[in-house]
Peer 1: 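Have a look at this one.
Both counts, for ligands and for their atoms, begin at 1 and track the order of listing. The structure presented is a predicted model; accordingly, all values stated were derived computationally and were not measured.
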Amino acid sequence: MTIWNLGSINIDHFYRLPHLPRPGETLAAESYSVGLGGKGANQSVAAARAGARVRHIGGVGPEDWALERLRGYGVDCAHVERCKVATGHAIINVDRAGENAIVLFAGANRGFGLEGVAAALKEAVPGDTLLLQNETAHQTEAAQMARAKGMRVVYSAAPFEVEAVRAVLPHITLLALNAVEAEQLSAALGTGLDRLLVPQILVTRGSEGAEWNDLAGGERLMQPSFPVQAVDTTGAGDTFAGYFAAGRDSGLPPGEALRLAAAAAALKVTRAGTAEAIPSRAEVDAFLAERAR
Ligand code: RIB
């Protein structure tokens, strides 16, 4: 089947710092680098590297290299629109422990129309998957169209915006959150996540592992994280979501898809960067084989 992804494409500017800047502080970076990112692009790259057929829907500005890099990972970009505004970008500060703080500029990620999204999803078939995050426009409409077609809809509530989550919730199959987003959602809705009317929930908790809850079927799975030396946690959640979606798309049972995704995310945090730091399937399989001995 195919994984469609209505997702952001960003140019990520990385600054390595001794610590994250405090209000009013001016801080000299220890290093600077640029790479492909965006929660959407990262998820597309992760799913493609996991072995899925991936078609990205989104927007970029007049620059070519972000699109070329995404294509270079085998992601079909025929439905990525060329917009008149600049490609989105992110300023990513990373401290010595690998923690980050990110500032986003949406640019072309919010500069494309619904028509292009509808035209793309016309080519989708029942059983395909749609990935969504909160960095583009048209998530709710896209989720509605996809569900009407019998697609699986996986929504990462990141960056967290309660109104965006509220609008899209009735139309999704799987809600993916990190621990902070899970707390924010519970607090905003005044209810536990297990009371939500969504079929499945995936909560990733960094080094504390991940939890998949099938609210419709009553099954709950815990996946411990693999202990690694973290260099940069940026994009680890995207790597998890993309690998998990690809695993499920290829027919893996949830427990196996969780293990695959946890291994991919563990490898990612040992590397600096975002899309370019996402491991290949061969690397993930080798990592898992090593731990099975
Ligand atoms: O999740 C990491 C991503 O968030 C970065 O690649 C950055 O572009 C922001 O979208």
Peer 1: Run the side chain to side chain contact (heavy atoms under 4.5 Å, CB included) check on Val198 and Tyr155 step by step: do they pass?
Peer 2: CA-CA 11 Å; Val198 286; Tyr155 171 63; over 6 Å; no

Peer 1: Identify, with sequence neighbours excluded, every residue that meets ring pair (Phe, Tyr, Trp, His ring centres under 6.0 Å) alongside His89.
Peer 2: His13, Phe105

Peer 1: Are the side chains of Val162 and Gln184 in touch, meaning some heavy atoms are under 4.5 Å apart?
Peer 2: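 Counting from C-beta outward, Val162 and Gln184 never come under 4.5 Å.
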
Peer 1: Please give me the minimum heavy-atom distance between Phe287 and Ala266, naming the atom from each residue.
Peer 2: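 Looking at all heavy atoms of both residues, the closest pair is CZ-CB, 4.0 Å.
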
Peer 1: Is it the case that Thr204 and Asn178 place a side-chain donor and acceptor less than 3.5 Å from each other?
Peer 2: no

Peer 1: Give a table of atom pairs where an N or O of ligand 1 lies under 3.5 Å from a protein N or O.
Peer 2:
unit_1   : atom_1 : unit_2 : atom_2 : d
ligand 1 : 1 (O)  : Lys39  : NZ     : 2.9
ligand 1 : 1 (O)  : Asp238 : OD2    : 2.7
ligand 1 : 4 (O)  : Lys39  : NZ     : 3.1
ligand 1 : 6 (O)  : Asp12  : OD2    : 2.6
ligand 1 : 6 (O)  : Gly38  : N      : 2.9
ligand 1 : 6 (O)  : Asn42  : ND2    : 3.0
ligand 1 : 8 (O)  : Asn10  : ND2    : 2.9
ligand 1 : 8 (O)  : Asp12  : OD1    : 2.6
ligand 1 : 8 (O)  : Gly38  : N      : 2.9
ligand 1 : 10 (O) : Asn10  : ND2    : 3.2
ligand 1 : 10 (O) : Lys39  : N      : 3.4
ligand 1 : 10 (O) : Glu135 : OE1    : 3.0
ligand 1 : 10 (O) : Glu135 : OE2    : 2.7

Peer 1: Whether Arg271 and Glu276 form a salt bridge (side-chain N of Lys/Arg under 4.0 Å from carboxylate O of Asp/Glu) is what I want to check.
Peer 2: no

